[in-house]
Amino acid sequence: MTRHVAIVGSGPAGYYTAEAAQKKWGDDVRVDVFDTLPVPYGLIRTGVAPDHQSIKGVSRRYEGTALSDNVRFVGNVTVGKDITVGELEALYDAVVFATGAPHDRPLGVPGEDLGNVFGSAAFVGWYNGHPQFAGLAPDLSGRSAVVIGMGNVALDVARILSKKGREFDGSDIVGHALNALSASNIRQITIVGRRGPHQIMMTPKELGELMHLDQATPRVDPADLPEEADDAFLEPGLRKSVTHLRSFAAIPESERADKPIEIDFDMFASPVRLTGSGKVEGVEVERTVVEAGKAIGTGETYTIPADMVVSCIGYRSSPIPGVPFDERAGRFANDQGRILPGLYAVGWARRGPTGTIGTNRPDGYGVVERIEEDLASGAISGAAREGRAGFDRLAAERGIDVVTFRDWKKIEEAEAKAAREGAPREKFVDIESMIRASR
Ligand code: NAP
């Protein structure tokens, strides 16, 4: 019997799930991959940094899956608005949420709503041309930027803020961000972390890139570094990252003069409030000490000047009415991907915002096993479903303007044609232009 699977979200978690379903059931499965946007690949397009093109190459693998006969891309369709989860459940044997974690976790300190303060979802979305954030217009006319968080997103944001003009050659940064960053006055970028070097989440390859920037030099205060002998107890990746921090601390002042921008790591500093009137002017932090891995405030505070702030402290998924959600963790309530028989979650919607793109692969393969178990045990009713034919009927009745994979290929072609010299594409940053290019 043909199995019908709806996957909501066309990023890495979605396409690995489609690939796993295809491997598991071959010709006996039909998979529809829905996306709100008319373009596929989720974070590969709108999250991965534009100057990290080699990471984006994984989309060729997803394209292989998307082009097979039993998998369809169903773009420009918002589940929860154009079609309800209940309707999907009636049409498909299994509905898998691969919706990621698109919302910024709030910092929860006073002043967060001041002007020129952004969460990383918004700021990264701006330079990557996500239609929701393309109009963000951050003010880069000031001298100092504070980036909060010690993860890879903070590193991406700090690195992108330090780059200009030719440094973006070969990237797919969108034109509005390229122009704004090239004219930026920012000279001081402070990465603020509430814990110390042994607790950073930044990975070595990404940290190492800071040594090779045209305009910027990283700085670490040697006083923040623990005894070198203690690095021996770290897991190898973290040990390498800490070695990079040590080399940043050892850069002589004479070498710093060559580059106009500094990326300063301010560790053991926990934000307590953002200051300013109307627009942000500073980040007040409390000095911390780390005890048993936890940041403990010392009561000593100081203010870091900040003409703009980007908070990179993690993300939350979007709840969908009627689908059990773990509010505290900010993701769907699930057991190994199973929300309920028939309803599943993969990727960040399942685990929260951790791991690399490759981490989504076992998620996708695992959830297909859960679906198989639920079909075999009868937890998912054996009633025949209409699958994609049923969706097509509903879409026609409702006038839903579905964007197919073939339509996307036209958008892709138009973006490639519009690219600056040496760039892979110039993305459309609004939905209307995407749809126009697809017709
Ligand atoms: P992350 O790795 O979890 O880092 C979040 C950072 O925010 C941590 O340093 C955390 O500090 C800090 N933080 C959390 N709450 C805070 C608060 N209230 N005040 C101050 N600091 C706070 O998250 P991410 O950077 O968003 O990255 C998400 C995932 O995407 C990660 O798995 C990352 O590796 C991946 N990613 C990978 C790449 C790449 O491979 N190139 C690029 C981007 C993202 P504590 O540790 O003290 O909580």
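All ligand and atom numbering here is 1-based and tracks the order in the structure.
- Of the candidates N334, T17, D374, D374 is the only one forming a side chain to side chain donor-acceptor pair (under 3.5 Å) with Y344.
- Residues S10 and D35 have side chains that bring a donor and an acceptor to within less than 3.5 angstrom of each other.
- Residue-level proximity to ligand 1 for D156 is carried by the side chain, the only part with a heavy atom below 4.0 angstrom.
- Atom CD of E227 has 12 or fewer neighbouring heavy atoms from other residues, nucleotides or ligands inside a 6.0 Å radius.
- Contact analysis puts C312 in contact with ligand 1, with a non-hydrogen atom separation below 4.0 angstrom.
- Looking only at protein heavy atoms, the nearest one to atom 22 (C) of ligand 1 is I313 CG2, 3.4 Å.
- Between T354 and ligand 1 there is a heavy-atom distance shorter than 4.0 Å.
- Under a 4.0 Å N-O distance rule, the pair E415/K410 does not qualify as a salt bridge.
- Interface atoms of ligand 1 facing M150, defined by a heavy-atom separation under 4.0 Å, are 6 (C), 8 (C), 9 (O).
- Not a single heavy atom of T356 sits less than 4.0 Å from an atom of ligand 1.
- In this structure, the side chains of H244 and E206 stay at 4.5 Å or more apart for every pair of heavy atoms.
- Shortest non-hydrogen contact noted between P260 and Q215 is CD-O, 3.1 Å.
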What do the steps show when you test V285 against Y302 for side chain to side chain contact (heavy atoms under 4.5 Å, CB included), and what is the final call? CA-CA 6 Å; V285 295; Y302 59 96; 3.3 Å; yes

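- Considering backbone and side-chain N/O atoms, N152 comes within less than 3.5 Å of an N/O atom of ligand 1.
- Contact annotation: M202 has no heavy atom less than 4.0 Å from any atom of ligand 1.
- For atom 46 (O) of ligand 1, the closest non-hydrogen atom of the protein is R195 NH2, 2.8 Å.
- Inter-residue side-chain proximity for S311 and D104 is flagged as unmet; no heavy-atom pair is nearer than 4.5 Å.
- Put simply, atom 32 (O) of ligand 1 has protein non-hydrogen atoms near it, under 4.0 Å away.
- Protein heavy atoms are absent from the 4.0 Å sphere centred on atom 10 (C) of ligand 1.
- Counting only non-hydrogen atoms, the option in P106, G149, G293, G151 that gets closest to atom 4 (O) of ligand 1 is G151.
- Nearest non-hydrogen protein atom to atom 39 (C) of ligand 1 is E206 OE2, 3.8 Å.
- Contact annotation for K205 and ligand 1: no heavy atom of the residue comes within less than 4.0 Å of the ligand.
- Using a 4.0 angstrom heavy-atom cutoff, G193 does not count as in contact with ligand 1.
- Taking every non-hydrogen atom of P353 and a distance limit under 4.0 Å, the qualifying atoms of ligand 1 come out as 28 (C), 29 (C).
- Aromatic ring centres of W348 and Y315 lie closer together than 6.0 Å.
- A distance of 9.0 Å separates OH in Y365 from OH in Y16, rounded to the nearest 0.5 Å.
- A search for ring pair (Phe, Tyr, Trp, His ring centres under 6.0 Å) contacts involving F118 returns nothing, not counting sequence neighbours.
- Residue Y315 approaches ligand 1 through these ligand atoms, each under 4.0 Å from one of its heavy atoms: 26 (O).
- For atom 3 (O) of ligand 1, the closest non-hydrogen atom of the protein is M201 CE, 4.2 Å.
- Ion pairing of E63 with R60 is absent here, as no side-chain N (NZ or NE/NH1/NH2) approaches a carboxylate O to less than 4.0 Å.
- The protein non-hydrogen atom at the shortest distance from atom 35 (C) of ligand 1 is G355 O, 3.7 Å.
- Using a 4.0 Å cut-off to heavy atoms of V153, the atoms of ligand 1 that qualify are 24 (P), 25 (O), 26 (O), 27 (O), 43 (C), 44 (C).
- Residue W348 approaches ligand 1 through these ligand atoms, each under 4.0 Å from one of its heavy atoms: 29 (C), 30 (O).
- In summary, the aromatic rings of F123 and F133 are positioned with their centroids too far apart to meet the 6.0 Å limit.
- Distances between N or O atoms of T203 and those of ligand 1 include no value under 3.5 Å.
- Partners of W25 by ring pair (Phe, Tyr, Trp, His ring centres under 6.0 Å), not counting sequence neighbours: none found.
- At the shortest separation from atom 18 (N) of ligand 1 among protein heavy atoms lies R194 NH1, 3.5 Å.
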